[in-house]
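Below is one structure, written out as structure tokens; comments come after it.
Everything quoted here is computed from the prediction, not taken from an experiment. Start at 1 and go down the list; that is how both ligands and their atoms are numbered. For reference, positions follow the sequence shown, starting with 1.
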Amino acid sequence: MKKEAYQFNYEVYNSVEELSAPDAWLLNEAREVTAAAYAPYSNFNVGAVAKLSNGEIVAGTNQENASYPAGLCAERVLLSSAATLYPHVAIDTMAISYNNINGESNHPISPCGICRQSLVEYEERTKHPIRLILSGMGGKVFIIQTAGLLLPLSFGSADLK
Ligand code: THU
């Protein structure tokens, strides 16, 4: 028996002001688009905005449903739109923010497990890392160089061969 370890590095910024201008712009867009979320059940409005490698910008917000499991996260709404509007185009960077109507929105959240799986598949199909910028409506910002870092030992297409 031997033990393996997994660790990854990510960047921590104290606020949006410390980011480069393009990253700050993308994060502010994600913060703004939270207003387009449909989250009457959780009151947790999530916004995601991505810059594609062709320069286009695509957004997504969470879309809930009275039948709770039918709801969709902002990240997967974005991925579906991007793949439909710009097939085969990679995503360079995705900013994710949220506005918690019943609480605080000043610490970064990171994508849920299902979204991590979808992000990793998108990276795989476009053969390109998706850089993540994570933050609430204010406060610290995390930057992760590739979404795959959030899903070690992931299951993917190669496992189906
Ligand atoms: N949600 C997202 O849209 N993205 C995340 O990364 C975490 C959670 C949504 C799902 C649900 O509509 C609400 O936030 C509360 O979980």
(request) Would you check whether S42 has a nitrogen or oxygen atom less than 3.5 angstrom from a nitrogen or oxygen atom of ligand 1? (result) no
(request) May I ask you to list the atoms of ligand 1 that are less than 4.0 angstrom from any heavy atom of P111? (result) 6 (O)
(message) Heavy-atom count check: over 12 atoms from other residues, nucleotides or ligands less than 6.0 Å from L153 CG?
(response) no
(message) Using the side chain to side chain contact (heavy atoms under 4.5 Å, CB included) criterion, which residues pair with N100? Sequence neighbours excluded.
(response) F44, Y98, N102, S105
(request) Measure the distance from atom 16 (O) of ligand 1 to every protein heavy atom, then report the residue, atom name and distance (to 0.1 Å) of the closest one. (result) F44 CD2, 4.8 Å
(request) Taking E75 for its side chain and L119 for its backbone only, find out whether a donor-acceptor pair lies under 3.5 Å. (result) no
(request) Starting from atom 9 (C) of ligand 1, locate the nearest protein heavy atom and write down its residue, its atom name and how far away it is, to 0.1 Å. (result) N62 ND2, 3.5 Å
(message) How long is the straight-line distance from OH of Y13 back to CG of D23, given to the nearest 0.5 Å?
(response) 7.0 Å
(message) Keeping E64 on the side-chain end and G71 on the backbone end, is there a donor-acceptor pair under 3.5 Å?
(response) no
(message) Distance under 4.0 Å to a non-hydrogen atom of C112: what atoms of ligand 1 satisfy this?
(response) 6 (O)
(request) Answer with side chain, backbone, both or neither: which part of C73 has a heavy atom less than 4.0 angstrom from an atom of ligand 1? (result) both
(message) Just to confirm my output: which protein heavy-atom neighbour is closest to atom 3 (O) of ligand 1, and how far is it?
(response) A74 N, 2.9 Å
(request) Tell me which protein heavy atom sits closest to atom 6 (O) of ligand 1, plus the residue, atom name and distance to 0.1 Å. (result) E75 OE2, 2.6 Å
(message) Looking at L52, is its backbone amide N or carbonyl O close enough to the side chain of E56 to form a donor-acceptor pair, meaning the two atoms are under 3.5 Å apart?
(response) no
Please table the atom pairs, donor to acceptor, closer than 3.5 Å between any side-chain atom in residues 29-41 and protein atoms at least two apart or in another chain.
{"residue": "R31", "atom": "NE", "partner": "G136", "partner atom": "O", "Å": "2.7"}
{"residue": "R31", "atom": "NE", "partner": "M137", "partner atom": "O", "Å": "3.3"}
{"residue": "R31", "atom": "NH2", "partner": "S135", "partner atom": "OG", "Å": "3.1"}
{"residue": "R31", "atom": "NH2", "partner": "G136", "partner atom": "O", "Å": "3.3"}
{"residue": "T34", "atom": "OG1", "partner": "R31", "partner atom": "O", "Å": "2.6"}

(message) Under 4.0 Å, counting heavy atoms only: does G71 come that close to any atom of ligand 1?
(response) no
(message) So for C115, does at least one of its heavy atoms come nearer than 4.0 angstrom to any atom of ligand 1?
(response) no
(request) Kindly indicate whether the side chain of L79, heavy atoms from C-beta on, has any atom under 4.5 Å from the side chain of I91. (result) yes
(request) Give the numbers and elements of all ligand 1 atoms closer than 4.0 Å to a heavy atom of E64. (result) 11 (C), 12 (O), 13 (C)
(request) Around atom 7 (C) of ligand 1, find the nearest protein heavy atom and jot down its residue, atom name and distance. (result) I109 CD1, 4.4 Å
